[in-house]
Every structure is written in C-alpha cells, then in structure tokens.
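Order of the sequence lines sets the chain letters (A, B, ...), proteins ahead of strands, with each chain counted from 1. The basis for the numbers below is simple: all heavy atoms, side chains too, and nothing from hydrogens, waters or symmetry mates.
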There are 2 protein chains.
Amino acid sequence: ESRLPGFATHQVGVAGAVVDKSNGKVLVVQDRNKTKNAWKFPGGLSDPGENIGATAVREVLEETGVHSEFRSLLSIRQQHNHPGAFGMSDMYLICRLSPLSYHIDFCPQECLRCEWLPLEELAQTTDTTPITSRVARLLLYGLKHGFNHIDLTMEEMPAVYSGMFYQLYHRPLPKKKA
Amino acid sequence: ESRLPGFATHQVGVAGAVVDKSNGKVLVVQDRNKTKNAWKFPGGLSDPGENIGATAVREVLEETGVHSEFRSLLSIRQQHNHPGAFGMSDMYLICRLSPLSYHIDFCPQECLRCEWLPLEELAQTTDTTPITSRVARLLLYGLKHGFNHIDLTMEEMPAVYSGMFYQLYHRPLPKKKA
C-alpha cells in the first residue's frame, strides 16, 4: 500500500440513511434554497481526519436532531469537476445508520422539511434524486431479505508501519472457513 | 447531494486484483525498496479526474505489463495522517479486474517480483499485507461461490444539474422487482 507521495484530489461527503426497522421508515430531508424540493438523506462534508461513519452520524444529528449509530457502508459515488468542488473530484458515500432516538428537531437553516418516510414511498416517488431513489430500493431489499445482502461492514485494523488504525470496508465474509 | 463548497482532504489510491478464473490465480507484485518482501496487488494514486476503474487498469498495466478490464469494486480503506500523504487522509480502493492478456513484463523500477499466484496460496501466506490477505480470502470466496457475493458493481449515471456523469457503486440489485 505504499506509494510515492501524492496530493489531495478529492473532497469526501457522507450521507446517512437512518432506517427504523420496526416500521420500515427512513429519515429524509428537503434542502432549503433548492428550486426542486427533492427528498434526500441528510449529510455533508467530512471534517479533516473524520471517519466516514462519524461524519454520517454528526450530519444527521446536526440537520435533523436524531441520534443514530453507524451500521454499514452502502454506496459510493465518484464525480469529477463537481460544481461545488472547484475542479476537484468528489467522493460521496452513503451509510446505513440505526436510530438511537426518533424525535425530529430539524435545522431550519439547512432544511425545509424533515420526515420519517416509508421506504416504499421513497423508492417510488419522483420527488427525490436518482441516487436517493436507488438507495431506497437497495434498503427496501435489505429490509425484506436482510441487510447482510446490501451491507459493506467496517473493521478497524492496525496500520503496518505507523501503529495507527485504518477502517476497512468490504462484504462480510462468512465466519466459517470459505 | 449539494453542499457548501469544500476543499480536497483525501488522496485516492486504487489497486487492481486481476483474477484468472480459469486457474484461480491472481496477479501480485512485490515492491522494490521494502524491508519486507510482501505480496500485494499492483496499484497507485489516481490522476486528477481519473475514474477508480481506470486507475486500477492503468496501474496494473504500468507495473506488470498485463492488460485487464474493470469488473467491480471490492473494498475501501480510509486512513488518516497516512505517512505518504502529508497529513491528508487517504482513500484506498481495491477493484476486481479480469485479465485481457497474461504475459508478465513487469516494471523493474517499481517491482522486485511479479507473479500469477494461486489465490489459495495468497490467502494463507504470511508474506503479504493484512489487507491483501483479507481481499484474497474475499476473492477465494467469490471464486467458489460466485463473485456476485463480493462485488460492488458500477453504473454510470447522469448528474442532475451539470449534465456530466458520475459513477455509482453498490451491491447489485436483483433484476426482478425486489
């Protein structure tokens, strides 16, 4: 994994899909200052040095007032010349979170609306973005057949040289010998 | 998906695991200038504006002389304060590739050795890195039970505002209605 020194080329954004398994609802927001009112998952840019899951949990709390915990990574988008990234590239990751609280107290500076919406409805509405719609269908499949079908699980591992830790995401391997 | 403008915090590196399904072998290299001779997948940093899969294919060709094509994304590592990244964070992605040629003509400036190694052997040897070993076990599982169990597939989608395209990676959804 060692390489010649490089430079930062990507900003990293993370969204959190908080799924309430008990009723099949997911937490969605509509941004302020948008021409189209599209439902999307709360999220935002990672702070320097912040882990993916921590960004998702923090952004969900800041935007919606809902406490949650990280479960898995679901999807990754890479986009170049992103309009908001000044010619840099953009890596956007969507995580699955579990709710630790349910009361919505959304940030009126950022959000116009915030609701627990049935996944069935989010998967079918046109009032959403293509990625949100896709992830809603993925989550719906997970809800019906088990989230193990859609999850990338995270494991923290020690780095070989630095003694620091990194986070590795991939499909869960069966516990038994492959 | 729109957010306040940010700045680039991550360098992005990509490795390619070229798997020959006909014999269960995978293409691995040992870096020059290392104290420990560990087998790893060829890879390196993305050029600005370069897609993940394109980086993997290019780096594999440059290091080993083997032509390949992108199949899927397998694993993502996030690491902060990476020694080679000057305090920036590092996103390291491992892709599955299929070989289009088999003859090895490796770059002696970068590699000490380059071989098609049986996945069984790579999954068991201690002469490798923890991530390579983990991904070898993942690939071995895929080889035995179907790569659909371990793959994140890629789809190119049009961006809503810019008219450009982005790449979205997630678990394949069944073709039929979920």
Examine the side chains of [X] and [Y] and answer whether a donor and an acceptor come within less than 3.5 Å of each other.
X        : Y        : value
B:Ser22  : B:Asp20  : yes
B:Thr128 : B:Thr125 : no
B:His170 : A:Arg134 : yes

### Message
Does the structure place the NZ or CZ of B:Arg113 under 6.0 Å from the centre of the six-membered ring of B:Phe106, at an angle of no more than 45° from the ring's axis?
### Response
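Pair B:Arg113/B:Phe106 does not count as cation-pi.
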### Query
Are B:Arg77 and A:Tyr169 in a cation-pi setup, meaning NZ or CZ lies under 6.0 angstrom from the ring centre and within 45 degrees of the ring axis?
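No, B:Arg77 does not lie over the aromatic ring of A:Tyr169.
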#### Entry: Close approach to chain B in residues 48-62 of chain A, criterion heavy atom under 4.5 Å
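The residues closer than 4.5 Å to chain B, in numerical order, are A:Pro48, A:Gly49, A:Glu50, A:Asn51, A:Ile52.
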### Option in B:Thr9, B:Asp151, B:Ile150, B:Ile76 with maximal non-hydrogen atom pairs under 4.5 Å from chain A
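Between B:Thr9, B:Asp151, B:Ile150, B:Ile76, the count favours B:Ile76.
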### Query
Under 30°, 30 to 60°, or over 60°: which ring-plane class applies to B:Trp116 and B:Tyr102, parallel, tilted or perpendicular?
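Judged by the thresholds at 30° and 60°, the geometry between B:Trp116 and B:Tyr102 is tilted.
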